[in-house]
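Shown next, in structure tokens, is the structure this report addresses.
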There are 2 protein chains.
Amino acid sequence: MSNATRNDEGFSAKRTAEIVGITYRQLDHWARTHLVEPSLAAAQGSGSRRRYAYRDLLELKVVKTLVDAGIRLQKVRDVFSFVGESLDQDITRLNLVLTGDTVLVHDQNGTMDLLRRGQGVLMLNILPLAGVKEELDATIIELFPTEDDDEPSLDAPAVGD
Amino acid sequence: MSNATRNDEGFSAKRTAEIVGITYRQLDHWARTHLVEPSLAAAQGSGSRRRYAYRDLLELKVVKTLVDAGIRLQKVRDVFSFVGESLDQDITRLNLVLTGDTVLVHDQNGTMDLLRRGQGVLMLNILPLAGVKEELDATIIELFPTEDDDEPSLDAPAVGD
DNA sequence: CGGCGGAACTACACCCGTGTGACTTCCACA
DNA sequence: TGTGGAAGTCACACGGGTGTAGTTCCGCCG
């Protein structure tokens, strides 16, 4: 992250927690334990301020959605690291599918069970992990309405606070 | 509890967890930490079998309802001990009311905030903790249908397993 | 009665989330 | 520039819940 981050870029930790729908304490814990870290500005010690990019918020929302669906956080961690390391993919760009208590990734190559690190291929009742991005956008607009109607790209910081 | 408990009286731990809608591990933890204990037969070591009375199930259901409403388990413990010790009441016979993040008991004497040990009296939006018993009964009938239509008293064991 | 298999409990480790006090940083204002 | 207050992070403790391997109990069958 850049130390030259302007203070109005991205989202504060407090805002981020509100938008994603988690407690600050959860967000803090997830940042400290390297699940999702603030990419614009990491904590620099007591009293400093984290800054999250829109992309971070999307990742957090994916985490929340998976946890709300009953996937244990430790398993969510496994999924994130597997996607990043073994698939060399970006979690926010995958078509994740929840079915039962497992997480599938579904693309033209077929369907892969992420909780089993790609082992086995299942075709069960598919509940698409749909609308995560739309839901995030809606919450941002609802909580922090602005006159800027541009859709934020994943890397560009949205106007948050 | 009586060591002469017959095996078909009351409910096994596994059945109890199913009916109340919690994991066995939760039930085990709650029994070990004395939140709600199996009144018909306590654990006697590895391999023994707990037996729960209908009244225990009702208490467990109250716990679950409070926890689901966002009351921390530690606070639920406070409520239970306060009701039992200071009010000399039976939790399953009170008209509990959830409002916001607090628990009220409401009777002809007025309304008391149990989370504050009776301090303060609030009249806010009232959401009655209604139907706990009815819901429990419905779950028992749904999971373990029998031909016995008698409504179980609090102390008499229902036909469970 | 004895043996066996399955179910139940136990102990321990571990992670998660919360609460809280201490400390630091940041920001706004004079 | 200096100050004060608010906000944010940090460290620690603690309870809740889960997972798992080990042990014991219980019921059934021969």
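Order of the sequence lines fixes the chain letters, A, B, ..., with proteins taken first and strands second; residue numbering starts at 1 for each chain.
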| message | Looking at dG17(C), I'd like to know if its phosphate oxygens (OP1 or OP2) sit under 4.0 Å from a side-chain N or O belonging to Q26(A). | response | yes
| remark: note: H29(A), atom NE2; dC14(C), atom C1'; distance rounded to Å ~ 11 Å
| remark: To the nearest angstrom, the CG-P distance between D78(A) and dT18(D) comes to 17 Å
| Sugar-phosphate or base contact per nucleotide [nucleotides 5-10 of chain C; S, B, -; heavy atom under 4.0 Å] | -B-BBB
| request: Taking side chain to side chain contact (heavy atoms under 4.5 Å, CB included) as the test, write out the residues that go with T23(A), two or more places apart. | output: R25(A), Q26(A)
| remark: Rounded to whole Å, CG of L35(A) lies from P of dC16(C) at a distance of 8 Å
| task | Would you indicate what T23(A) reaches in the nucleic acid, counting non-hydrogen atoms under 4.0 angstrom: base, sugar-phosphate, or nothing? | result | sugar-phosphate
| query | Can you check the L66(B) CG to dG16(D) P distance for me, whole Å? | reply | 14 Å
| For R72(B) and dT18(C), is the shortest distance between a side-chain N/O and OP1 or OP2 below 4.0 Å? | yes
| task | Figure out the CD1/P separation between I71(B) and dT18(C), and round it to whole Å. | result | 14 Å
| field | Whole-Å distance separating the CZ atom of F11(A) from the C1' atom of dG8(D) | value | 18 Å
| Whole-Å gap separating C1' (dG17(C)) and CG (L73(A)) | 10 Å
| query | Which pair of heavy atoms, one from R50(B) and one from Y24(B), lies closest together, and at what distance? | reply | NH1-OH, 3.5 Å
| request: With sequence neighbours excluded, tell me which residues meet salt bridge (Lys or Arg N to Asp or Glu O under 4.0 Å) with K64(B). | output: D68(B)
| request: Would you give the length of the straight line joining atom CG of L27(A) to atom CG of L57(A), rounded to the nearest 0.5 angstrom? | output: 8.5 Å
| task | Just jot down the side chain to side chain donor-acceptor pair (under 3.5 Å) partners of T33(B), sequence neighbours excluded, or say none. | result | R77(B)
| note | By salt bridge (Lys or Arg N to Asp or Glu O under 4.0 Å), R32(B) pairs with (sequence neighbours left out) D28(B)
| query | How close or far is atom P of dA7(D) from atom CD of E18(A), stated in whole angstroms? | reply | 12 Å
| Got a sec, which residues hit side chain to side chain donor-acceptor pair (under 3.5 Å) with K75(A), two or more places apart in sequence or on another chain? | none
| request: Look at W30(A) and dG17(C) and indicate whether a side-chain polar atom (N or O) is within less than 4.0 Å of OP1 or OP2. | output: yes
